[in-house]
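One-based numbering along the sequence shown. Numbering of ligands and ligand atoms starts at 1, following listing order.
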Amino acid sequence: MKKVVCDNYEAACIFAADMFSKQLERKPKSVFGFATGGTPLGIYKELTKRAVAGSMDFSQSCAFNLDEYYPISRTHPQSFYHYMNKNLFSKVKFHSTDIPSGEATDIDTECKRYDAAIKASGGIDLQLLGIGTNGHIGFNEPSASYSLHTNFMRLTADTINANSRFFSSEETQPTEAISMGIGTIFAARSIILLATGAGKAQIVRKLFDAKLHTDVPACFLLLHPDVTLILDKEAAGA
Ligand code: F6R
């Protein structure tokens, strides 16, 4: 795992956006994997700025998202479908975009459809990840066993608590999700793991204490041949 420590959040997002630019230059028909949550917002702002200015062109590339709450309607303001449209897809033209459906009636069929769609696209070239304070990636929560494929996931109390900041008191917060599995993520050719802010310093330290903690899902990334961990100084504990 390659580690890059940037001065601040903005610099970390620009570093990540540059990696997206290079990937697009190498391969205009790239397949990208995107994440939601607070951390990637600065990257989406930067990618939008570059696409609007004409220095990046995603029109031949495909996008897949890591996960979606389940059940949730696409129009729900906290659905990841809504988040991606608001922050990227409504402003930047992609050849295609896909997100696990929080409206699916048959979860198993939806998970299989999603993995097959990723496979049919040629596989993910560059996957963007955030990290939960408990080490989750996508919604693969700390567990005794992990899913290789896209699957139905139950969120832990830690994650429900961390994400409660996005929901108003009148909204029912989902406690379940459909997420790419550890194997789906691991199959990406290159991975960016972005962690910023003091709240991520502890889990980032754990990633680097040189043991493979199977109770920290992000530790599986230590085994992947091409992961770039992008940190700001706060998350790096510097
Ligand atoms: C989001 C996702 C999650 C988040 C993680 C960090 O699609 O899969 O793993 O990346 O929960 O969230 P933030 O960035 O809000 O701290």
So, the side chain of Tyr114 versus the backbone of Thr150: is there a donor-acceptor pair under 3.5 Å, distance only? no

Residues passing the ring pair (Phe, Tyr, Trp, His ring centres under 6.0 Å) test with Phe152, sequence neighbours excluded, are none

Salt bridge Asp108-Lys112, side-chain N to carboxylate O under 4.0 Å: yes

Charged N-O contact under 4.0 Å between Asp18 and Arg50: yes

Those residues that, when tested against Asp57, pass salt bridge (Lys or Arg N to Asp or Glu O under 4.0 Å) (two or more places apart): none

Report all protein residues having a heavy-atom distance below 4.0 Å to some atom of ligand 1; order the list by chain, then number. Ala35, Thr36, Gly37, Gly38, Thr39, Leu66, Asp67, Gly130, Ile131, Gly132, His136, Gly138, Arg165, Lys200

Contacts of Asp226 meeting salt bridge (Lys or Arg N to Asp or Glu O under 4.0 Å) (sequence neighbours excluded), chain-then-number -> none

